[in-house]
Amino acid sequence: MKTNLLDFNLPQLTEHFAAMGEKAFRAKQIMRWMHQMGEADFDAMTDIAKGLRAKLHDTAMVGVPELMVSQESEDGTRKWLLDVGTGNGVETVFIPEDDRGTLCISSQVGCALECTFCSTGRQGFNRNLTTAEIIGQLWWANKAMGVTPRNERVISNVVMMGMGEPLANFDNVVSALQIMLDDHGYGLSRRRVTVSTSGMVPQMDRLREACPVALAVSLHASNDRIRDEIVPLNKKYPLKELMAACQRYLVKAPRDFITFEYVMLDGVNDRPEHARELIALVRDVPCKFNLIPFNPFPNSGYERSSNNAIRAFREILQEAGFVVTVRKTRGDDIDAACGQLAGQVQDKTRRQEKWIRISEERS
């Protein structure tokens, strides 16, 4: 099989070329062609020696996921379903805004966790994505929107908030992050690349040392009782441990705060007493809150909090001095909103069967 060069960050690509008897600068050239120019054809890499191009033809490729479905929302949000083989597809979402363009990237086929309010979690889990499949989503989105180094950058921000738990696929995600940050890759700022985690405490510590980008934590509850129910990972890493990990991460973080994501579930976690519990919970963690109105999906078992409940919750946090945003619902007409990504998952966990059975029992 040919080697997929998208699987390599710059140090790895340099080592690969050294093993081929090539000088280190060749790796930088190839990186720029692949990631800045979006080029997959070695013949088009005109400043590469013909002998090396011929060698690459025989041994290597620039392999990106193929497009299965493309959708565009009325609000300009774009969603792509990309083929990652053996009947699996992952979803990538681009969200345009006045001051930035954000690409939401997937890290797994499905998700190994089982947060009860998340459509991705209901699909079960197949496997981790490779580095090439992760960075290939950014490569593909740039290509789809016609971006070249001479154009104004369309994708200014990347969030690892798509399908999957990024820190459960640690090595491949970090390698992809390093490509995003590399000046020979996409040259993004650490402040503009965000990893979202449900709270994998040991991996948060590893990320702090390996590649400290901006961090968002999917919190969603103000106490362990509720979080145990809706984010089962909490049973392994309860809130006290998670808050301590957040404090440790801030030592090397590019931003001086953690973003806490909080999906608003009617009657579950959206009452004034929950807001007051949150204030006490995070008192030692510099942070901001991003409140997310629940985005319904079939047979979820949850309802979105009312606008009045969200407003009251936000005001309690703001009065305590916190910065609070309420996430705009973008792309919900194409199921591209937060928590709605489902993709195409050949489930190895049989979780889909379980939820179908539960749904049938409820009806």
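In this chain, numbering begins with 1 at the start of the sequence shown. Quick caveat, the model's predicted, so the values are computed rather than measured.
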Heavy-atom distance under 4.5 Å between the side chains of Asn308 and Arg311, does that happen here? yes
side-chain contact (heavy atoms from CB on, under 4.5 Å) filter on Glu303, not counting sequence neighbours, yields Asp266
Kindly compute the distance separating NZ (Lys288) from CD1 (Ile258), expressed to the nearest 0.5 Å. 12.0 Å
Strictly distance-based, threshold 3.5 Å: is any side-chain N or O of Ser306 a donor or acceptor partner for the main-chain N or O of Ala309? yes
What's the spacing between Met163 CE and Ser107 OG if we round to 0.5 Å? 9.5 Å
Out of curiosity, does Val323 fall in the hydrophobic cluster containing Leu250 (side-chain heavy atoms, cut-off under 4.5 Å, transitive links)? no
Counting neighbours of CG on Asp99 that are heavy atoms of other residues, nucleotides or ligands and sit closer than 6.0 Å, is the number greater than 12? yes
For Arg206, what residues pass the salt bridge (charged side-chain N to carboxylate O under 4.0 Å, His left out) criterion, not counting sequence neighbours? Asp171
Check side chain to side chain donor-acceptor pair (under 3.5 Å) between Arg191 and all other residues, then give those that pass, not counting sequence neighbours. none
Report the residues that fulfil side chain to side chain donor-acceptor pair (under 3.5 Å) with Asp43, sequence neighbours left out, ordered by chain and then residue number. His57
Applying side-chain contact (heavy atoms from CB on, under 4.5 Å), name anything that partners Asp7, two or more places apart in sequence or on another chain. Asn4, Thr130, Thr131, Ala132
Mark yes or no for whether Asn269, through its side chain, and Leu265, through its backbone, hold a donor-acceptor pair below 3.5 Å. yes
Gap separating the CG atom of Leu207 from the CE atom of Met204, nearest 0.5 angstrom: 8.5 Å
Shortest non-hydrogen separation from Asp256 to Pro286 and the atoms involved: O-CB, 3.5 Å
Write down the atom of Leu129, the atom of Gln137, and the distance for their closest heavy-atom approach. CD1-NE2, 3.7 Å
Any Arg314 side-chain heavy atom under 4.5 Å of Leu291 side chain: yes
Val109 versus Asn128: any side-chain heavy-atom pair under 4.5 Å? no
Going through the checks in order, is the salt bridge (charged side-chain N to carboxylate O under 4.0 Å, His left out) test met by Glu277 and Arg225? CA-CA 12 Å; Glu277 278 186 331; Arg225 178 184 60 80; over 6 Å; no
Using only heavy-atom distances, determine whether the side chains of Asn88 and Arg127 contain a donor-acceptor pair under 3.5 Å. no
Gln247 atom CD: more than 12 heavy-atom contacts under 6.0 Å: yes
So if I apply the side chain to side chain donor-acceptor pair (under 3.5 Å) rule between Asn234 and each of Glu241, Arg227, Glu229, which one comes out positive? Arg227
Quick check: do Val154 and Asn142 have side-chain heavy atoms less than 4.5 Å from each other? no
For Phe260 and Phe289, take the angle between the two ring planes, folded into 0 to 90°, and tell me which bin it lands in: parallel under 30, tilted 30 to 60, perpendicular over 60. tilted
Shared ILVMFWY cluster between Val326 and Phe257, side chains joined below 4.5 angstrom? no
Between CE of Met1 and CE of Met61, what distance do you get to the nearest 0.5 Å? 6.0 Å
For Arg248, the salt bridge (charged side-chain N to carboxylate O under 4.0 Å, His left out) test, sequence neighbours excluded, returns Asp205
Applying side-chain contact (heavy atoms from CB on, under 4.5 Å) to Gln12 and not counting sequence neighbours gives Phe8, Asn9, Ser175
Taking CD in Glu15 as the centre, count heavy atoms belonging to other residues, nucleotides or ligands within less than 6.0 Å. Is the count above 12? no
Trp80: partners by ring-ring contact (aromatic ring centres under 6.0 Å, His included), with sequence neighbours left out: Trp140
Heavy-atom pair with the smallest gap, counting every atom of Ala168 and Gln108: CB-NE2, 3.6 Å
Backbone N/O of Ile48 and side chain of Arg53: donor-acceptor pair under 3.5 Å: yes
For the backbone of Phe313 and the side chain of Arg271, can you confirm whether one donor and one acceptor N or O come within less than 3.5 Å of each other? no
Have Asn157 and Arg192 got a donor and an acceptor in their side chains that come within less than 3.5 Å? yes
Lys23: which residues meet the side-chain contact (heavy atoms from CB on, under 4.5 Å) condition with it, sequence neighbours left out? Phe25
Testing Ile292, Asn290, Leu278 one by one against Tyr262 for a side chain to side chain contact (heavy atoms under 4.5 Å, CB included), which residue passes? Leu278
Which pairs count as ring-ring contact (aromatic ring centres under 6.0 Å, His included) when at least one residue sits in residues 201-254, sequence neighbours excluded? Phe117-His220
The test is side-chain contact (heavy atoms from CB on, under 4.5 Å); show your working for Leu177 and Val193 and say whether it passes. CA-CA 8 Å; Leu177 293 174; Val193 177; 3.6 Å; yes
Tell me whether Ser196 contacts the main-chain N or O of Val217 through its side chain, where contact means a donor paired with an acceptor under 3.5 Å. no
Residues which pass salt bridge (charged side-chain N to carboxylate O under 4.0 Å, His left out) with Lys55, listed by chain and number, not counting sequence neighbours: Glu22
Backbone N or O of Gly162 within a donor-acceptor pair of the Glu91 side chain at under 3.5 Å? no
Rounded to the nearest 0.5 Å, what's the gap from CE on Met180 to SG on Cys211? Could you check? 9.0 Å
Minimum side-chain heavy-atom gap Phe94-Thr77 below 4.5 Å: no
Could you tell me which non-hydrogen atom of Met68 sits nearest to which non-hydrogen atom of Gly89, and how far apart they are? SD-CA, 4.1 Å
Ignoring hydrogens and angles, tell me if any N or O in the side chain of Lys143 forms a donor-acceptor pair with the backbone of Gly38 under 3.5 Å. yes
Short question: side chain of Glu165, backbone of Leu167 - any donor-acceptor pair under 3.5 Å? yes
With sequence neighbours excluded, what pairs up with Glu39 under the salt bridge (charged side-chain N to carboxylate O under 4.0 Å, His left out) test? none
Any ion pair linking Arg327 and Glu261 (charged N to carboxylate O, less than 4.0 Å)? yes
Could you check whether any side-chain N or O of Ser300 sits under 3.5 Å from a backbone N or O of Tyr302, counting only pairs where one atom can act as donor and the other as acceptor? yes
Quick check against the 3.5 Å criterion: does Gln123 have a side-chain atom that pairs as donor or acceptor with the backbone of Gln346? no
Rounding to 0.5 Å, atoms SG (Cys287) and CZ (Arg255) come to a distance of 14.0 Å
If hydrophobic clusters are built from ILVMFWY residues whose side chains come within less than 4.5 Å, do Leu10 and Leu5 share one? yes
side-chain contact (heavy atoms from CB on, under 4.5 Å) between Asp284 and Met243: does it pass, once the steps are laid out? CA-CA 8 Å; Asp284 296 324; Met243 292 302 108; over 6 Å; no
Are Met20 and Ile30 connected in the hydrophobic side-chain network, where two residues link if heavy atoms are under 4.5 Å apart? yes
